[in-house]
Every structure is written in C-alpha cells, then in structure tokens.
Amino acid sequence: MTNSISAAETGKPDMIWGILMLICGFLAIAVPLASSIGVAIVIGWLLLISAVWHLLFGFRSGSGIGGFLWQLLLAIVYGAAGLMILLYPLAGLAWLTLVLATFLLIEAALEFVLYFNIRHRVNAGWVLFDAIITLLLGILIWARWPFSSVWAVGTLIGVSLIFSGISRLMLSSAVSRATTAAARPAV
C-alpha cells in the first residue's frame, strides 16, 4: 500500500505541472506579442551567456593565439547579437521570426523528401500531412514578415506548451490509474 501511495503522489506534481503548462500556453496565445518578446529576451540572455563562455574557453583552451582569437571572435559575435536583441527586442523578434520561417520551410522540404522515401510504409501519409502543414505555416510566416513577428513566435510557443501540458496530464493520469488499479485487492 505504501508503494501505491508514493506512486500516486508522484503523479500529482506532474499533473500540476501539466495544468500550469496549459495555462501558460493559453496565455501565450492570448498575448502573443508579449510572449514573443519574452522569448526574444530569453534568447538574448542565452546569447550573452554563450559569449561569456566562449571568452572563458578562449582563455582556458591553451590552443594558442589562433584558438584564442577564434573564441574571442565568437564571443564578440554572440555578445553583439545578444545585446542587440536585448536592446531592441522588437527588431530581434523580427529576425527571430524570419529565422523561424526559414527553418519551417527547410523542415517542410526535408519532410517531403522523407515522405517520398517511406511512402510505401503504413501511416506514411502522416509525414506528408506534417510536411504540408509545416510548408503552409512557413509560407504564411514568410509572406507576412515582418508583421507575422507580432503573433508567430508567441503563438507557436503557446501551442507547444498546450500540447506539452496535455501530454503531461495524460501521462500523470495514466500513472494514477495504474497505481489505483495496483492498489485494489485481487478478488
């Protein structure tokens, strides 16, 4: 009985986490510009942190002046990109959206190639469906750029959070059902 209680208790934090992810996902979709700027700011800070790491690695690498200069150059590029995004988050968001659209178009092309390589397999049509949706989304974001910067990143983050929250809830409810079934006495 103690094992089933501890297993059920571990499902509760996952369920709470799933609900929080759902709430954050709906908020990100409700205010896509604010959530997009938030993502841009996080990326800006990550780039600054990467710049510091490149600089530290350059000093510690011991690979000679060429290695140090290479790491210094990378630190400058990362630092400049991070500062630009932090100082001008809307412009940074516009460029991030353009990168996102390009990524989606490349991903769609690769998924079409994958589909044609596996088209005779069962359920290969889902890969084609995914490729078409990804292509349409990439075209939509690219064609409406820079205006798509207002909604694209925040909306996609929100949708991702919603699906992550749903999957977390489904997994935690499966754990709680399994522990409830295991706790029942055999008849």
Side-chain angles (χ1 to χ4, degrees), residues 14 16-54 73-172:
D14 285 339
I16 292 170
W17 186 245
I19 291 169
L20 287 174
M21 290 175 86
L22 278 170
I23 292 169
C24 289
F26 285 117
L27 284 173
I29 290 173
V31 237
L33 180 60
S35 55
S36 296
I37 290 173
V39 169
I41 289 170
V42 167
I43 289 173
W45 278 108
L46 289 173
L47 288 170
L48 279 180
I49 292 168
S50 295
V52 170
W53 282 111
H54 276 289
L73 180 63
L74 286 173
I76 290 170
V77 169
Y78 275 79
L83 280 175
M84 291 305 291
I85 289 174
L86 289 173
L87 293 175
Y88 305 102
L90 288 176
L93 177 60
W95 286 107
L96 288 173
T97 304
L98 189 60
V99 169
L100 173 67
T102 305
F103 168 78
L104 290 172
L105 292 172
I106 292 169
E107 180 186 0
L110 293 173
E111 287 175 347
F112 277 117
V113 170
L114 174 63
Y115 167 74
F116 285 110
N117 286 330
I118 66 166
R119 68 181 173 266
H120 299 296
R121 293 187 185 176
V122 175
N123 291 332
W126 286 106
V127 175
L128 179 62
F129 179 72
D130 186 22
I132 292 169
I133 296 299
T134 304
L135 178 66
L136 291 174
L137 188 57
I139 289 171
L140 175 68
I141 293 171
W142 186 275
R144 301 283 302 151
W145 186 82
F147 303 108
S148 59
S149 303
V150 173
W151 62 266
V153 175
T155 302
L156 292 176
I157 293 294
V159 169
S160 176
L161 282 169
I162 288 170
F163 279 102
S164 294
I166 289 170
S167 66
R168 178 78 60 159
L169 284 171
M170 293 300 115
L171 287 172
S172 63

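Since this is a predicted model, take the numbers as computed values, not measurements. This chain uses plain numbering: 1 for the first residue, then up along the sequence.
Closest non-hydrogen pair, Ala152 versus Thr97, comes out as CB-CG2, 4.0 Å. When all heavy atoms are compared, the tightest approach of Glu111 to Asp130 is OE2-OD2, 2.9 Å. In terms of heavy-atom proximity, Ala94 sits nearest to Ser149 at CA-OG, 3.2 Å. Taking both residues in full, the closest heavy atoms of Thr155 and Pro32 are given as OG1-CB, 3.7 Å, listed atom of the first, atom of the second, then distance. In terms of heavy atoms, Ala40 sits closest to Pro89 at CB-O, 4.2 Å.
In this structure, Leu20 CG and Leu161 CG are separated by 11.0 Å, a value rounded to the nearest 0.5 Å. One distance of note links NE2 of His54 with CD1 of Ile76; it measures 12.0 Å at 0.5 Å rounding. To the nearest 0.5 Å, atom OG of residue Ser164 and atom CZ of residue Arg168 are 8.0 Å apart. Taking CG of Leu114 as the start and CG of Leu128 as the end, the distance is 10.5 Å to the nearest 0.5 Å. Note that CG of Leu100 and CD1 of Ile157 are 8.5 Å apart. Values are rounded to the nearest 0.5 Å. Put simply, CE on Met84 and CG on Leu86 are 10.5 Å apart, with the number rounded to the nearest 0.5 Å.
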Item to complete: Using the side chain to side chain contact (heavy atoms under 4.5 Å, CB included) rule, take Trp142 and Ile139 through it: C-alpha gap first, then chi angles, then the decisive distance, then the call.
Response: CA-CA 5 Å; Trp142 186 275; Ile139 289 171; 5.7 Å; no
Discussion item. Please determine whether side chain to side chain contact (heavy atoms under 4.5 Å, CB included) holds for the pair Leu33 and Leu90, giving the CA-CA distance in whole Å, both sets of side-chain angles, and the decisive distance to 0.1 Å.
Written reply: CA-CA 9 Å; Leu33 180 60; Leu90 288 176; 4.1 Å; yes
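In terms of modelled atom types and a separation under 3.5 Å, the side chain of Ser35 and the main chain of Ala28 share a donor-acceptor contact. Between the Ser160 side chain and the Leu156 main chain, no donor and acceptor come within less than 3.5 Å of each other.
Using a 4.5 Å heavy-atom threshold, the side chains of Ile141 and Leu137 count as touching. Residues Leu110 and Glu107 fail the side-chain proximity criterion, which asks for heavy atoms closer than 4.5 Å. For the pair Leu48 and Leu83, the minimum side-chain heavy-atom distance is below 4.5 Å.
If you run side chain to side chain contact (heavy atoms under 4.5 Å, CB included) between Ser36 and each of Val31, Leu93, Val150, only Leu93 comes through.
Applying the ring pair (Phe, Tyr, Trp, His ring centres under 6.0 Å) test to pairs two or more places apart or on separate chains, those with a residue in residues 90-133 are Trp95-Trp145, Trp126-Phe129. Within the structure, salt bridge (Lys or Arg N to Asp or Glu O under 4.0 Å) contacts touching residues 86-99 (residues at least two apart or in different chains) do not occur.
The side chain to side chain contact (heavy atoms under 4.5 Å, CB included) check on Leu22 picks up Phe26, Ile162, Ile166, Leu169, with sequence neighbours excluded.
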